[in-house]
J.: 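Structure in structure tokens, see below.
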Amino acid sequence: MNGATHTAAAHRMQLIPSPAFACFVTGTDTGVGKSLVSAALLRALARHYPRVVGMKPVAAGTIHTPQGPASEDALQLRAASTVAVPPALDNPVLLPDPLSPHLAAERAGVRISVPALQARYEALCEHADAVVVEGAGGFLVPLAEDCTIADLAQALAIPVVLVVGLRLGCLNHALLTAQAIRARGLPLAGWVANQIDPDMAAVEDNVAYLRRHLGAPLLGRIGYLTQPLSAAVELALPPEWLRR
Ligand SMILES: Nc1ncnc2c1ncn2[C@@H]1O[C@H](COP(=O)(O)OP(=O)(O)OP(=O)(O)O)[C@@H](O)[C@H]1O
Ligand SMILES: C[C@H](N)[C@H](N)CCCCCC(=O)O
Ligand SMILES: [Mg+2]
């Protein structure tokens with residue numbers, strides 16, 4: 001039995017805590033709006049679930065805060081969450097260098113392990129009815145020499161939401177990512193079209209192509225925003241996300 005199968009079976013048998021809703025947010029690349037969309041998902045879920053929490057398992061790059069170095073992504077997710085949890089649960093790995101996590105971890109002398117991140121996720125779930133986990137970069141970004149973000153998503157065994165950063169080249173990136181998600185046996189629960197290039201040509205035609213070919217519901221379309229705030233982003237949650 002592999003890790004993902006084992007995790008799914010354990011959830012079914014209720015051996016480990018399982019929130020009423022959970023999803024893993026990935027993107028067509030780094031900087032495509034995963035944090036913006038994850039925070040917007042948390043805000044939308046908070047209308048339906050009392051305890052809504054975001055998780056950034058691995059953050060590479062910090063900003064200075066009065067409390068010390070922090071992940072800008074984790075702060076964004078915390079601002080949209082309805083309960084506060086210790087950083088060890090919502091951002092267990094915080095690395096100083098804004099690099100691929102495997103390089104940032106190597107420089108920091110940290111060894112990232114998927115089972116350790118999974119244990120933190122399971123502990124976090126005890127505090128939540130709905131959890132949104134934000135990946136780092138795109139779906140196959142390495143966490144260490146021997147593991148990737150995709151391995152983490154597979155270990156958590158939760159549906160994936162794909163943020164497509166609308167710019168020339170995104171069709172190929174979106175279709176490859178959808179293929180990789182499904183090859184891991186994970187459902188693509190939905191996707192979000194986020195315009196990150198203000199001058200992209202034929203936006204409507206690109207979105208229409210992906211609607212026909214991604215095979216998953218479009219949860220929202222975000223235009224280019226001069227003030228990209230999650231509170232201004234409206235997403236349509238599929239009804240089945242709210243039923244369990
Ligand atoms: N629709 C948009 N319009 C304008 N700016 C945007 C839009 N979406 C995201 N941005 C901006 O682009 C930058 C990258 O977005 P964001 O941090 O959400 O990306 P990410 O995919 O989470 O990146 P990472 O891989 O670092 O986690 C941010 O400065 C964000 O405010
Ligand atoms: C540092 C950055 N903001 C992201 N969190 C990490 C992006 C890793 C990208 C790696 C790659 O695909 O080349
Ligand atoms: Mg982010």
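These numbers come from the heavy atoms of this one structure, side chains and all, not from hydrogens, waters or symmetry mates. All ligand and atom numbering here is 1-based and tracks the order in the structure.
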J.: Would you mind checking which non-hydrogen protein atom is closest to atom 11 (C) of ligand 1, with the distance to 0.1 Å?
T.: Pro228 CG, 4.2 Å
J.: Got the closest protein heavy atom to atom 8 (C) of ligand 2, with its distance?
T.: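 Looking only at protein heavy atoms, the one closest to atom 8 (C) of ligand 2 is Ser100 CA, 3.8 Å.
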J.: Sort out for me which residue in Arg78, Lys56, Lys34 forms a side chain to side chain donor-acceptor pair (under 3.5 Å) with Asp73.
T.: Lys56
J.: Could you identify the single nearest non-hydrogen protein atom to atom 4 (C) of ligand 1 and state the distance to 0.1 Å?
T.: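 I find the closest protein heavy atom is Leu225 O, 3.0 Å.
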J.: Does Glu134 have a heavy atom less than 4.0 Å from any atom of ligand 1?
T.: yes
J.: Tell me whether the Mg ion (ligand 3) has Ser38 as a neighbour, meaning an N, O or S atom of it below 2.8 Å.
T.: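 Not a single backbone or side-chain N, O or S atom of Ser38 is under 2.8 Å from the Mg ion (ligand 3).
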J.: State, yes or no, whether a side-chain contact exists between Val93 and Pro57 at a heavy-atom distance under 4.5 Å.
T.: no
J.: I'd like to know whether Ser35 forms a side chain to side chain donor-acceptor pair (under 3.5 Å) with Glu134, so could you lay out the CA-CA distance, the side-chain angles of the two residues, the decisive distance to 0.1 Å, and finally the verdict.
T.: CA-CA 7 Å; Ser35 297; Glu134 182 193 343; 2.8 Å; yes
J.: Between CD1 of Ile222 and CG of Leu235, what distance do you get to the nearest 0.5 Å?
T.: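 Ile222 CD1 to Leu235 CG: 6.0 Å, rounded to 0.5 Å.
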J.: Which residue from Gln227, Lys56, Lys34 reaches closest to atom 20 (P) of ligand 1 through any of its heavy atoms?
T.: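 Residue with the shortest heavy-atom distance to the ligand atom: Lys34.
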J.: Indicate whether atom 12 (O) of ligand 2 is within a distance of less than 4.0 angstrom of some protein heavy atom.
T.: yes
J.: Please report the closest heavy-atom contact between Leu166 and Ala193, naming both atoms and the distance.
T.: CD1-CB, 3.9 Å
J.: Closer than 4.0 Å to some heavy atom of Gln195 - which atoms of ligand 1 meet that?
T.: 1 (N), 2 (C), 3 (N)
J.: About how many Å separate CZ of Phe24 and OH of Tyr121, when rounded to the nearest 0.5 Å?
T.: 10.5 Å
J.: In ligand 1, which numbered atoms sit nearer than 4.0 Å to a non-hydrogen atom of Leu36?
T.: 8 (N), 18 (O)
J.: Nearest 0.5 Å please: distance from the CZ atom of Arg47 over to the CG atom of Leu237.
T.: 8.0 Å
J.: For the Mg ion (ligand 3), what is the closest N, O or S atom on Glu134?
T.: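 Within Glu134, restricted to N, O or S, the Mg ion (ligand 3) is closest to atom OE2.
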J.: How about Asn194 and Val164: do any of their side-chain heavy atoms sit closer than 4.5 Å?
T.: no
J.: Taking the side chain as C-beta and beyond, is there a heavy-atom pair between Val161 and Val132 under 4.5 Å?
T.: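 Val161 does not reach Val132 side chain to side chain.
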J.: Which atoms of ligand 2 sit under 4.0 Å from any heavy atom of Val141?
T.: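 So the answer, numbered in order with elements, is 9 (C), 10 (C), 12 (O).
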J.: Does ligand 2 have any atom that is closer than 4.0 Å to a heavy atom of Gly61?
T.: no
J.: Check ligand 1 against Ile222 and write out every atom of the ligand that is under 4.0 Å from a heavy-atom position of the residue.
T.: 1 (N)
J.: What pair of heavy atoms forms the shortest contact from Cys125 to Val131, and how long is it?
T.: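 For Cys125 and Val131, the tightest heavy-atom pair comes out as SG-CG2, 4.3 Å.
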J.: Which atoms of ligand 2 have any heavy atom of Thr30 under 4.0 Å away?
T.: 2 (C), 3 (N), 4 (C), 7 (C)
J.: Scan the protein's non-hydrogen atoms and note whether one is under 4.0 Å from atom 29 (O) of ligand 1.
T.: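 False for atom 29 (O) of ligand 1.
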J.: Note the single closest protein heavy atom to atom 22 (O) of ligand 1, along with its residue, its atom name and the distance in Å.
T.: Ser35 N, 2.8 Å
J.: Considering distance alone, does some N or O of Asp73 sit under 3.5 Å from an N or O of ligand 1?
T.: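 Yes: some nitrogen or oxygen of Asp73 is under 3.5 Å from one in ligand 1.
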J.: Taking only heavy atoms of Gly31, which atoms of ligand 1 are found under 4.0 Å from at least one of them?
T.: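 Those atoms are 14 (C), 19 (O), 20 (P), 21 (O), 23 (O), 24 (P), 25 (O).
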J.: If you round to the nearest 0.5 Å, how far is CD1 of Ile149 from CG of Leu152?
T.: 5.5 Å
J.: Quick one: which ligand 2 atoms are inside 4.0 Å of a heavy atom on Ala60?
T.: 1 (C)
J.: So if I count the atoms of ligand 2 from 1 in the order they appear, which ones are less than 4.0 Å from some heavy atom of Leu99?
T.: 1 (C), 6 (C)
J.: Any protein heavy atom under 4.0 Å from atom 13 (C) of ligand 1?
T.: no
J.: Below a 4.0 angstrom heavy-atom separation, can you tell me which part of Asp29, side chain or backbone, both or neither, approaches ligand 2?
T.: neither
J.: With a 4.0 Å cut-off on heavy atoms, is Gly223 in contact with ligand 1?
T.: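 Distance cut 4.0 Å: Gly223 passes for ligand 1.
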J.: Counting non-hydrogen protein atoms only, what is the nearest one to atom 1 (N) of ligand 1? Give residue, atom name and distance.
T.: Asn194 OD1, 2.7 Å
J.: Using a strict threshold of under 4.0 Å (side-chain N to carboxylate O), is an ion pair present between Asp199 and Arg167?
T.: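 Here Arg167 does not pair with Asp199 in a salt bridge, since their nearest N and O are not under 4.0 Å apart.
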J.: Count the heavy atoms of every other residue, nucleotide or ligand shown that sit under 6.0 Å from CZ of Arg182, and state whether that count exceeds 12.
T.: yes
J.: What is the minimum heavy-atom distance between Ile112 and Pro101, and which atoms define it?
T.: CD1-O, 4.2 Å
J.: Show me which atoms of ligand 2 lie under 4.0 Å from any heavy atom of Pro98.
T.: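 In order of numbering, the contacting atoms are 1 (C).
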J.: I'd like to know if the side chain of Gln76 pairs up with that of Glu72 as donor and acceptor (distance under 3.5 Å, no hydrogens or angles considered).
T.: no
J.: Give the minimum heavy-atom separation between Val83 and Arg51, together with the two atoms involved.
T.: CG1-CG, 4.1 Å
J.: Starting from atom 19 (O) of ligand 1, which protein heavy atom do you reach first, and at what distance in Å?
T.: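 Result: Gly33 N, 3.0 Å.
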J.: State the atom name: nearest N, O or S atom of Asp73 to the Mg ion (ligand 3).
T.: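 Of all N, O or S atoms in Asp73, the Mg ion (ligand 3) lies closest to OD2.
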J.: Numbering the atoms of ligand 1 from 1, which are under 4.0 Å from a heavy atom of Gly137?
T.: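 Matching atoms, with element in brackets: 25 (O).
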J.: State whether any protein heavy atom lies less than 4.0 Å from atom 6 (C) of ligand 1.
T.: yes
J.: Does the side chain of Asp129 come within less than 4.5 Å of Leu45's, by heavy atoms?
T.: no
J.: Distance to 0.1 Å, residue and atom name: give those for the protein heavy atom nearest to atom 26 (O) of ligand 1.
T.: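 Minimum-distance protein heavy atom for atom 26 (O) of ligand 1 reads Thr30 OG1, 3.4 Å.
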